[in-house]
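Basis for what follows: all heavy atoms, side chains included, without hydrogens, waters or symmetry-related copies. If you're wondering where the values come from, they're calculated on a predicted model, not measured in any experiment. Each residue takes its place number in the sequence, starting with 1.
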Amino acid sequence: MTVDFATARRTKVTEIPVIDISALVESGKTAEVAREIHDAATKVGFFYLSGHGIAQHLLDGAFAVARDFFALPEAEKDSVRVDTSQRGWMAGGMSRMQGSVTHDLKEVFFWGTEVPCDHPDLLAGKPLVAENKWPDAAFPRLRSELMPYHEAACGVGRKVLSAIATGFDTPKDFFDSRYDFPLARGQLVYYPPSTAGDEAEQRFGVAPHTDFGVLTLLLQDMNGGLQVQNRSGEWIEAPPIPGTLVCNIGDLLQLWTNDRFISTLHRVVNRSGKARYSIPVFFDPNSDTLVDPRDLGAAMPKHRPVVAGEHIVGRNKKSFAQYRPAESKESSTGVGFSNDA
């Protein structure tokens, strides 16, 4: 392995806070949790959530179905090939973060909230509002085992947002109307072990990036590999902690809070020698939500308002080969697309 590639310091316990949200989940008490989340979001941009209340069998089931899905023959996964609505299976080589040297070392299955075929947002063609692409014929378990976890994770996201609103002295239901049909998209992510050849080419599981939306809720297995850049510009590990979710702030929430919250650079390199699986849920608002720093009390906004769905699609176009159909044929080699859009 290349000695100076993707090095990161082992994290001290206090560097990425662990926040117990059980009082928020069980009784809706927001004040203390709001203070802790506000502190972590302004200083680090990353924190762990314990006491989130998601049943263990849902966590175990999500990982089990991820492992089994990625073990399917490629032809079966390809029956639900990813499209520009960001639903379905994305083969290795099709993801490349803006500014990276090469493509990411991962496969992904994308899904989101189930959308009725007659839903007004779908009929209106709003960005990222789409029907899921389930391989029901080949692998019906995927839908039945993922959706209960997805719904539970979204429930946690709503609780966290209520605490964030409280932390800004805003009514705790501030986000509710902006999340009545949210862009709550999930990913199953498979990272094969990194090889010496990958590292010689500076290939990450996922290269350094910030998340595009508001809030990410990440379930990671115990193999490690997530790294976060701290405020001093140093890379530190974000090791797995049993029973927790990793929560981080995305670019839209940094904008919404007028840069008071931090959207933090992070990356993955899988040196465990084993397959690594993670399951992020990107809990973002309704597609047509106007994200405006003035909403959360910014007297002198640093950013212009943006529309949530349009912003996220703009970032997707710079990162994923399916938005460049003529080039994606070469995607399995990692050749043929860049991020210079």
Side-chain angles (χ1 to χ4, degrees), residues 11 13 16-27 33 36-37 40 46-72 89 106-114 132 134-135 139-163 182 184-192 205-206 211 213-228 237-248 250 266 268 270 272 274-284:
T11 311
V13 175
I16 303 178
V18 179
I19 301 174
D20 182 355
I21 63 169
S22 55
L24 177 62
V25 170
E26 295 166 8
S27 60
V33 173
E36 292 186 53
I37 289 176
F46 263 77
F47 44 96
Y48 296 88
L49 299 174
S50 65
H52 49 69
I54 300 179
Q56 189 63 44
H57 75 271
L58 294 180
L59 307 178
D60 294 341
F63 275 133
V65 81
R67 289 191 294 268
D68 291 348
F69 172 77
F70 287 117
L72 291 174
W89 174 67
K106 66 178 181 180
E107 289 180 38
V108 182
F109 176 79
F110 301 88
W111 85 98
T113 302
E114 294 277 43
N132 286 318
W134 299 111
F139 196 61
R141 286 176 47 219
L142 192 61
R143 183 202 301 249
S144 62
E145 295 190 25
L146 270 189
M147 289 312 297
Y149 172 74
H150 178 265
E151 291 167 11
C154 289
V156 173
R158 291 185 187 279
K159 295 289 188 182
V160 171
L161 287 175
S162 72
R185 289 125 31 251
Q187 295 181 10
L188 301 181
V189 189
Y190 159 60
Y191 297 98
V206 59
D211 286 351
V214 168
L215 204 65
T216 304
L217 300 163
L218 173 71
L219 179 63
Q220 59 173 336
D221 69 14
M222 297 305 294
N223 289 325
L226 176 61
Q227 301 173 349
V228 175
E237 295 177 0
I241 299 177
T244 67
L245 300 175
V246 180
C247 185
N248 65 279
H266 53 287
V268 171
N270 179 18
S272 68
K274 299 176 285 187
R276 180 186 190 270
Y277 300 93
S278 70
I279 308 176
V281 171
F282 301 96
F283 195 54
D284 299 325

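In this structure, CZ on Arg141 lies 9.5 Å from CG on Leu146, to the nearest 0.5 angstrom. Taking CG from Leu58 and OH from Tyr149, the interatomic distance works out to 9.0 Å, rounded to the nearest 0.5 Å.
Phe69 is not listed as a side-chain neighbour of Glu107, based on a closest heavy-atom distance of 4.5 Å or more. In this structure, Lys159 and His52 have side chains that are not in contact, with every pair of non-hydrogen atoms separated by 4.5 Å or more. You'll find the side chain of Pro239 stays beyond 4.5 Å of the side chain of Leu226, heavy atoms only. Within the 4.5 Å cutoff, side-chain heavy atoms of Asn132 are placed close to those of Glu114. Side-chain contact between Phe139 and Val65 is present, with heavy atoms from C-beta onward closer than 4.5 Å. In this structure, the side chains of Pro242 and Met222 come closer than 4.5 Å at one or more pairs of heavy atoms. When side chains are defined from C-beta on, Leu49 counts as touching Val156, because their heavy atoms get closer than 4.5 Å. Side-chain contact check for Ile37 versus Val160: some heavy-atom pair is nearer than 4.5 Å.
Put simply, the side chain of Asn248 never gets that close to the backbone of Leu215: no donor and acceptor are under 3.5 Å apart. With hydrogens and angles disregarded, a donor-acceptor distance shorter than 3.5 Å links the side chain of Arg276 to the backbone of Gly224. Between the side chain of Asn270 and the main chain of Tyr191, a donor-acceptor pair closer than 3.5 Å is present. In terms of modelled atom types and a separation under 3.5 Å, the side chain of Asn223 and the main chain of Ser272 share no donor-acceptor contact. Side chain of His150 to backbone of Ala184: a donor-acceptor contact under 3.5 angstrom is found.
Residues Trp89 and Phe70 place their aromatic rings such that the two centres sit no closer than 6.0 Å. Checked against a 6.0 Å centroid threshold, the rings of Phe63 and Tyr277 do not count as neighbours.
Under the side chain to side chain donor-acceptor pair (under 3.5 Å) criterion, Glu151 pairs with no residue at all, not counting sequence neighbours.
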